[in-house]
Amino acid sequence: MIARASTLHLPTLRDAPADAEAVSHKLLVRAGYIRQVSAGLWSFTPLGWRVHRKVENVIREELDAIGAQEWFAPVLTPLELWEATGRAGIPEIFHTQDRAGRPFVLPMTHEETFTFHARELQSYRQLPQSWYHFQTKDRDEPRPRGGLIRVREFIMKDSYSFDRDEDGLEKSFRAHEAAYHRIFKRCGIAYHAVQAESGMMGGSESVDYLAPSGSGENTLVTCPTGDFAADLEVARAVPRPATFPDAIDAPQLVETPNVTTCEDLAGFLGIDVAATSKALPMTLPDGTVVLALVRGDDRLEEAKLAAALQGESRPSTEDEIRAAFGAEPGSLGPVGFAGPILADEALRDGQFVAGANTTGWHLTGVEQGRDFQATFADIRVPKDGDTCINCGGPLTFDTAIEIGHIFKLGTRYSVPLDALFLDEDGQQKPLVMGSYGIGPGRVMAAAVEQMNDDNGIVWPRALAPYDVHVLALPGAEELALEAATVLSDAGYDVLLDDREKRPGEKFADADLIGLPVRITVGKKTLEDGNVDVRDRATGAESRVAIAALPGAVKG
RNA sequence: CGGGACGUAGCUCAGCCUGGUUAGAGUGCCUGCUUUGGGAGCAGGAAGCCGCGAGUUCGAAUCUCGCCGUCCCGACCA
């Protein structure tokens, strides 16, 4: 087909909006792919919607190839389904009601709805099933940002698998994993599949798909040798070794007036900050105060802490600290503390400086096992200078966009929603489920983040809204149409720039919009019948006869 | 929700501190002429609830208060 730029709504801008920060945000707006309606609410222009649909179709083809079946389920969902699974109270959920006052949610995912439908699966003979749909998701995000990177309403492809047991789930999970690999590969996106937190989804295993980019919400931790990749929140790493002072037989009290940070403490004592410890009292829901202990140069990773404590906790209040330690906040430490202590692995070996539970005093030479008892877990945030747990190589940290996430849900939803089937042994059992999401909008954003230059977007062929951009320069309109027609007849989607614009403006817009191939038909063409074929990514240019275009354009 | 910034033409911004004719520029848009292989030139033109509401004042884009909106950092987060 041929789309004429003269009639297409193609609102390119010379300047990026002032409030845009992320490259993908700036370029998608400037090139006319998206427009903002309100915070976190974006419309896709005709051009942008074509890209979105390209992503959708790649996903659709790969999911269909693993036997998944496409549905379409409503956004509006009766609240009672969400009450049944206990997710109605999640703060991100939009709530609404009908005229009779019946409550509904605008859900952020469709586990409840699809599990509801899965109640119709009654026999193991009907299993396994993998169902998916593309549907609008709403999330009352506290802070939307970065154009398409974090929004309040978006289309997600979400799949749900239903199996009779864990083995079946494993197969369904791996099938999706393989499909996801093919999907992102086809979209031309660099990504890492990493172990991740299951978060509010529940379930046992999850794999996060992170696309490294200049902007994003996640931090991807990788080892250059390729033997390690993880989301910062769950990444394990080896901190640099601490340099300890000479060991002593028992902790020694030292006065440390006006010392508040570990850096100050290390400076005051003239020791390595990594030889100090940091005490962070946390309160559990039942009121218990747990002392979280990390090395002086480390930060506490709350996601890891939650995993170690098997539940959420919060920083203790000053009153709770006084009650638990009999001391003021500021010089807390593990020695003499009667409650549970959870220490980071980095504190296992060595003698550290710790708070003395007396304001203005610290203890040197504090050794776990001898001076206090603790349980150990990895609860620190990895940081620059850490090394790989597998090969010891230096780790690198990159911001990344989460473009997909797959979960083993188990029976988290099938039990509360009574999605049961009759197994071969005559027993009624809950369906064993998985769920699998991809945000096509985020795939678009990630592609732009990864593929652009100073002049604009450089779309991979699979995602470009059209295959070829034919520029009709003044006087060559007829020939340009001929070139476009030859390509269209050969099966290419062509954007024909037949606007009454100066050449420079057409070139600039073509670079900005970023179609993979640009064909210029102009004065030179009138002379010898050849057109210029230019590769957007490499800038390589060649002169080609119009009749030979289909071959020359082939990727 | 905490911290910070911003709201003036489609877009990018000036004007505000120190209140005062009819609110400006660039770009984009419209008309005409000239031009046409990397955002050309000339001439003419349309385009603004100066975020909203109160207040101060003879007089408010400008000062004060409140609200709303948007962005950034953090918290939060499939």
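What you see is a predicted model; the values in this text were computed from it and never measured. Here is how names work: the chains are called A, B, and so on, in the same order as the sequence lines, proteins then strands, and each is numbered from 1.
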Angle class for the A/Tyr191/A/Tyr209 ring planes (parallel below 30°, perpendicular above 60°, tilted otherwise)? tilted
Do the side-chain N or O atoms of A/Arg143 get closer than 4.0 angstrom to the phosphate oxygens (OP1, OP2) of B/C72? yes
Under 4.0 angstrom, heavy atoms only, what part of the nucleic acid is A/Pro17 near: base, sugar-phosphate, or nothing? sugar-phosphate
When all nucleic acid strands are considered with a 4.0 Å heavy-atom cut-off, which category describes A/Asp158: base, sugar-phosphate, or nothing? nothing
What nucleic acid atoms does A/Ala16 come within less than 4.0 Å of, heavy atoms only: base, sugar-phosphate, or nothing? sugar-phosphate
Distance test, side-chain N/O of A/Arg502 to OP1/OP2 of B/G37, below 4.0 Å: no
Using atom C1' of each nucleotide, how far apart are B/C63 and B/G19 to the nearest Å? 8 Å
Any strand: nucleotide that pairs with B/G39 via Watson-Crick or wobble, under 3.5 Å: none
Separation between the C1' atoms of B/U27 and B/A14, rounded to whole Å: 14 Å
Who does B/U21 pair with, Watson-Crick or G-U, both distances under 3.5 Å? none
What nucleic acid atoms does A/Thr525 come within less than 4.0 Å of, heavy atoms only: base, sugar-phosphate, or nothing? base
Give me the distance, rounded to whole Å, that separates B/A25 from B/G15 when you measure between the C1' atoms they each carry. 11 Å
Value rounded to 0.5 Å, distance of CZ in A/Arg442 from CD1 in A/Ile155: 14.5 Å
Any Lys/Arg nitrogen of A/Asp297 or A/Lys383 sitting under 4.0 Å from an Asp/Glu carboxylate oxygen of the other? yes
What does A/Ala508 touch in the nucleic acid at a heavy-atom separation under 4.0 angstrom: a base, only the sugar-phosphate, or nothing? base
Determine the contact category for A/Glu141: base if any of its heavy atoms lies under 4.0 Å from a base atom, sugar-phosphate if only primed atoms, P, OP1 or OP2 are that close, otherwise nothing. nothing
Rounded distance in Å between the P positions of B/U22 and B/A60: 12 Å
Within residues 527-539 of chain A, the residues having a heavy atom closer than 4.0 Å to RNA chain B are A/Asp532, A/Arg534
In Watson-Crick or G-U wobble terms, with both distances under 3.5 Å, the base opposite B/C16 is none
Between B/C67 and B/G7, how far is it from one C1' atom to the other, in whole Å? 14 Å
Between atom CZ in A/Phe507 and atom P in B/U36, what is the gap in whole Å? 14 Å
In whole Å, measure the gap between the C1' atoms of B/G41 and B/G24 for me. 24 Å
To the nearest angstrom, how far is A/Leu148 atom CG from B/C71 atom P? 13 Å
Using a 6.0 Å cut-off, check whether atom CG of A/Asp384 has over 12 heavy atoms from anything other than its own residue. no
If only side-chain N and O atoms count, and only distance matters, is there a donor-acceptor pair under 3.5 Å linking A/His405 with A/Ser206? yes
Verify the contact: side-chain N or O of A/Ser38 to OP1 or OP2 of B/U70, cut-off strictly under 4.0 Å; return yes or no. yes
NA contact type, A/Gly146, heavy-atom cut-off 4.0 Å: base, sugar-phosphate, or nothing? sugar-phosphate
Would you call the rings of A/His52 and A/Trp49 parallel, tilted or perpendicular, taking 30° and 60° as the class edges? parallel
Relative to the ring of A/Phe114, is the ring of A/Trp71 parallel (under 30°), tilted (30 to 60°) or perpendicular (over 60°)? perpendicular
Do A/Arg314 and A/Glu320 meet the salt-bridge criterion of a basic N to acidic O distance under 4.0 Å? yes
Go through the side-chain N and O atoms of A/Thr115 and A/Ser414 and say whether any donor and acceptor fall under 3.5 Å apart. no
Could you check how far CZ of A/Arg543 sits from P of B/G37, rounded to whole Å? 14 Å
Polar-atom pairs under 3.5 Å, protein N or O versus N or O of nucleotides 24-30 of chain B: list them with distances, or write none.
from	atom 1	to	atom 2	distance (Å)
B/U27	O3'	A/Arg14	NH1	2.9
B/G28	OP1	A/Arg14	NH1	2.9
B/C29	OP1	A/Lys501	NZ	2.5

Find the distance A/Ile519:CD1 to B/G38:P and express it as a whole number of Å. 18 Å
Could you let me know what B/C29 is paired to, Watson-Crick or G-U wobble, both distances under 3.5 Å, or none if it's on its own? B/G45
Residues in side chain to side chain donor-acceptor pair (under 3.5 Å) with A/Trp42, at least two apart? none
For B/C1, which nucleotide is its Watson-Crick or G-U wobble mate, given both distances must be under 3.5 Å? B/G74
Mate of B/G7 across any strand shown (Watson-Crick or G-U wobble, both atom pairs under 3.5 Å) is B/C68
Just compare B/C13, B/G39, B/A78 and give me whichever is closest to any side-chain atom of A/Phe407. B/A78
Could you identify the nucleotide paired to B/A61, looking across every strand shown and requiring Watson-Crick or G-U wobble geometry with both distances under 3.5 Å? none
Between A/Thr109 and A/Asp158, do the side chains contain a donor N or O and an acceptor N or O under 3.5 Å apart? no
Interatomic distance at P, B/C73 relative to B/U64, whole Å: 29 Å
I'd like to know if A/Arg145 reaches the base of B/C72 with its side chain, counting only an N/O donor and acceptor under 3.5 Å. no
B/A75 and B/A23: how far apart are their P atoms, nearest whole angstrom? 47 Å
B/U56 -> Watson-Crick or G-U wobble partner, both distances under 3.5 Å, gives none
How close or far is atom C1' of B/G74 from atom CD of A/Glu302, stated in whole angstroms? 12 Å
A/Arg518 near the nucleic acid: base, sugar-phosphate alone, or nothing, with a heavy-atom cut-off under 4.0 Å? base
